> 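Got a structure for you, questions after.
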Amino acid sequence: MKHPILKTSGLTKVYGGLVANRDITISLHVGSVHAILGPNGAGKSTLINMLSGDAMPTRGDIAYKGQDITDFSADRRSRIGIGRSYQKTNIFREFTVYENCRLAAQSRRPQAFRIFSDADSVATTRHAVERALAMANLEHVATRRAAELSHGAQRQLEIAMVLATNAEVLLLDEPLAGMGADESRKMVELLQKITPQHAILLVEHDMDSVFAVADTITVMVNGAILETGAPDAIRSSPAVQGAYLGEDCEIVI
């Protein structure tokens with residue numbers, strides 16, 4: 001197996017007397033989806049916040065392409081190739097789809113908001129935007145205001161904005177939240193489409209979708225890892241069924 005593009009070792013987060021995450025060790029690989037499952041309060045959001053730089057770990061290490069980035073800010077992590085989406089849709093509703101992606105692309109460039117830019121810079125930004133829109137299947141709505149899109153399309157736009165930053169690692173926090181069956185299907189197709197070029201960490205409650213796209217699944221309980229494995233192993237695990245769904249439940253996919 002190739003070396004992981006992002007790896008954590010013993011990642012722990014303590015808030016006062018509360019241990020939100022305890023000794024989390026995971027690896028992300030380009031071309032693979034690593035899903036995080038767990039009940040509410042399991043520590044999934046804390047983990048993704050530490051990986052994105054929105055929260056600093058109490059102890060433990062994070063390495064990206066072999067470099068220690070544990071102390072990097074969220075902005076610095078974004079600039080080196082780590083992007084994330086949030087549980088709540090985070091877009092500029094009054095701007096067009098194209099403008100949203102352009103702002104995302106520009107934000108990752110040095111002197112991002114300089115008024116006068118050279119032609120190469122403009123061309124590079126335009127290419128990043130067009131590539132992101134194509135990957136997210138949004139070219140046909142590029143000129144529409146983001147507020148006019150359906151909920152599912154807005155979530156696709158948020159991922160397109162991450163793609164426009166040329167991120168290699170995508171930290172996706174419940175991208176299917178609030179979606180109907182058809183919207184969920186489209187999002188699953190999008191995730192499958194972009195996986196070959198990216199390493200994806202997926203935090204999600206939609207079990208059908210998780211088992212449809214994940215190559216590796218980590219189940220968390222009470223801030224710690226209960227089990228990590230392939231989807232079939234997780235589906236049939238007595239420990240996972242007992243801790244995540246209840247002793248008498250089965251994961252049926």
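Since the structure is predicted, the reported quantities are computational estimates derived from the model, not experimental observations. Both backbone and side-chain heavy atoms feed into the values below; hydrogens, waters and symmetry mates do not.
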> Kindly write out the residues that satisfy side chain to side chain contact (heavy atoms under 4.5 Å, CB included) with Ser237, not counting sequence neighbours, or none if the list is empty.
Glu227, Ala239, Val240
> To the nearest 0.5 Å, what is the distance between CG (Asn166) and CZ (Arg131)?
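Result: 6.0 Å between the selected atoms.
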> Given side chains that start at C-beta, do those of Val97 and Thr143 come closer than 4.5 Å, heavy atoms only?
no
> Who pairs with Asp71 by salt bridge (Lys or Arg N to Asp or Glu O under 4.0 Å), at least two apart in sequence or on another chain?
none
> Show your reasoning for whether side-chain contact (heavy atoms from CB on, under 4.5 Å) applies to Leu47 and Met220.
CA-CA 10 Å; Leu47 172 60; Met220 295 181 62; 4.0 Å; yes
> With rounding to the nearest 0.5 angstrom, report the CZ to OG distance, Arg79 to Ser107.
7.0 Å
> Between Cys101 and Ala164, which heavy-atom pair has the shortest distance, and what is it?
O-CB, 3.6 Å
> Could you give me the CA-CA distance, side-chain angles and deciding distance for Leu202 and Ile36, then say whether side-chain contact (heavy atoms from CB on, under 4.5 Å) is met?
CA-CA 6 Å; Leu202 175 66; Ile36 307 294; over 6 Å; no
> Would you mind listing every ring pair (Phe, Tyr, Trp, His ring centres under 6.0 Å) that reaches into residues 47-89, with sequence neighbours excluded?
none
> Show your working on side-chain contact (heavy atoms from CB on, under 4.5 Å) between Thr228 and Thr25 and close with a plain yes or no.
CA-CA 10 Å; Thr228 294; Thr25 298; over 6 Å; no
> Hey, could you give me each pair passing side chain to side chain donor-acceptor pair (under 3.5 Å) that has a residue in residues 35-48? Not counting sequence neighbours.
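Pairs touching residues 35-48 that pass the test: Ser45-Gln87.
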> What are the two closest heavy atoms between Val188 and Ala212, and how far apart are they?
CG1-CB, 4.3 Å
> For Ile217 versus Pro231, what's the shortest heavy-atom pair and its separation?
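Heavy atoms only, the tightest pair is CD1-CA, 4.0 Å.
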> With Gln197, which residues qualify under side chain to side chain contact (heavy atoms under 4.5 Å, CB included), at least two apart?
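Gln197 satisfies side chain to side chain contact (heavy atoms under 4.5 Å, CB included) with Met135 only.
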> Answer with yes or no whether the side chains of Ser73 and Asp75 bring together a donor and an acceptor at under 3.5 Å.
no
> Taking NZ, NE, NH1 and NH2 as the nitrogens, is one of them in Glu158 or Arg155 under 4.0 Å from a carboxylate oxygen of the other?
yes
> Start with the C-alpha distance between His34 and His29, add both sets of side-chain angles, then the distance that settles side-chain contact (heavy atoms from CB on, under 4.5 Å), and finish with yes or no.
CA-CA 8 Å; His34 191 133; His29 295 80; over 6 Å; no
> Is any side-chain heavy atom of Asp232 less than 4.5 Å from a side-chain heavy atom of Arg235?
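When only atoms from C-beta onward are counted, Arg235 and Asp232 do touch, with a gap below 4.5 Å.
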> Run the side-chain hydrogen bond (donor to acceptor under 3.5 Å, both in side chains) test against His198 and tell me which residues pass, sequence neighbours left out.
none
> If you look at every heavy atom in Ile82 and Ala167, which pair is closest and at what distance?
C-CB, 4.3 Å
> Could you tell me which non-hydrogen atom of Asn100 sits nearest to which non-hydrogen atom of Ala146, and how far apart they are?
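Nearest pair, atom of Asn100 first, then Ala146: ND2-CB, 3.8 Å.
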> Is there a donor-acceptor contact under 3.5 Å from the side chain of Thr8 to the main chain of Ile26?
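A pair under 3.5 Å: yes.
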> Could you grab the distance from atom CG of Leu28 to atom CG of Leu51, nearest 0.5 Å is fine?
7.0 Å
> Tyr15: what forms a ring pair (Phe, Tyr, Trp, His ring centres under 6.0 Å) with it, not counting sequence neighbours?
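By the ring pair (Phe, Tyr, Trp, His ring centres under 6.0 Å) rule, Tyr15 matches no residue at all.
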> Could you give the distance from CD (Gln106) to OG1 (Thr165), rounded to the nearest 0.5 Å?
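Output value for this atom pair is 13.0 Å.
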> Side chains of Arg77 and Ile62: closer than 4.5 Å at any heavy-atom pair?
yes
> Just to verify, what does Thr195 make a side-chain hydrogen bond (donor to acceptor under 3.5 Å, both in side chains) with, not counting sequence neighbours?
none
> With no hydrogens and no angle check, is any side-chain donor or acceptor of Ser184 less than 3.5 Å from a backbone partner on Gly180?
yes
> Rounded at 0.5 Å granularity, tell me how far CG in Leu133 sits from CE in Met161.
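Taking CG in Leu133 and CE in Met161, the distance rounds to 11.0 Å.
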> If you define the side chain from C-beta out and look only at heavy atoms, does anything of Ile234 sit under 4.5 Å from Val219?
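Side-chain contact under 4.5 Å: yes.
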> Which pairs with one or both residues in residues 24-35 pass salt bridge (Lys or Arg N to Asp or Glu O under 4.0 Å), sequence neighbours excluded?
none
> Hey, is the main chain of Ala136 close enough, under 3.5 Å, to the side chain of Gln156 for a donor-acceptor pair?
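Here the side-chain-to-backbone pair exists.
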> So do Asp23 and Thr12 actually touch side chain to side chain, heavy atoms under 4.5 Å?
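A side-chain contact under 4.5 Å exists here.
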> With the side chain counted from C-beta on, respond yes when Met179 and Asp206 share a heavy-atom pair under 4.5 Å apart, and no when they do not.
no
> Among pairs that include at least one residue of residues 124-154, which meet ring pair (Phe, Tyr, Trp, His ring centres under 6.0 Å), considering only residues two or more places apart or in two chains?
none
> Would you call Thr89 and Leu157 a side-chain contact if the rule is heavy atoms closer than 4.5 Å?
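No; the side chains remain at least 4.5 Å from each other.
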> Determine the minimum heavy-atom distance between Asn21 and Gly43, stating which atoms define it.
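Closest approach of Asn21 to Gly43, heavy atoms only: ND2-O, 3.1 Å.
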> For Lys193 and Asn137, which I'm curious about, is there any donor-acceptor pair between the side chains at under 3.5 Å?
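Yes, Asn137 and Lys193 have a side-chain donor paired with an acceptor closer than 3.5 Å.
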> Heavy-atom count around Asp215 CG within 6.0 Å, excluding the residue itself: above 12?
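Result for CG/Asp215: enclosed.
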> Report the residues that fulfil side chain to side chain contact (heavy atoms under 4.5 Å, CB included) with Arg22, sequence neighbours left out, ordered by chain and then residue number.
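Once residues adjacent in sequence are excluded, the partners of Arg22 under the side chain to side chain contact (heavy atoms under 4.5 Å, CB included) criterion are Val19, Ala224.
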> Less than 4.5 Å apart, side chain to side chain, heavy atoms only: is that true for Ile5 and Val169?
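With C-beta onward as the side chain, the pair touches.
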> Please name all residues satisfying side chain to side chain contact (heavy atoms under 4.5 Å, CB included) with Arg145, sequence neighbours left out, ordered by chain then number.
Glu94, Ala147, Glu148
> So how far is it from Leu172 CG to Met187 CE, rounded to the nearest 0.5 Å?
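It comes to 8.0 Å.
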> Show, in sequence, the C-alpha distance, side-chain angles and deciding distance for Arg84 and Asp54, and conclude whether the salt bridge (charged side-chain N to carboxylate O under 4.0 Å, His left out) test is met.
CA-CA 10 Å; Arg84 76 165 291 181; Asp54 290 323; 2.8 Å; yes
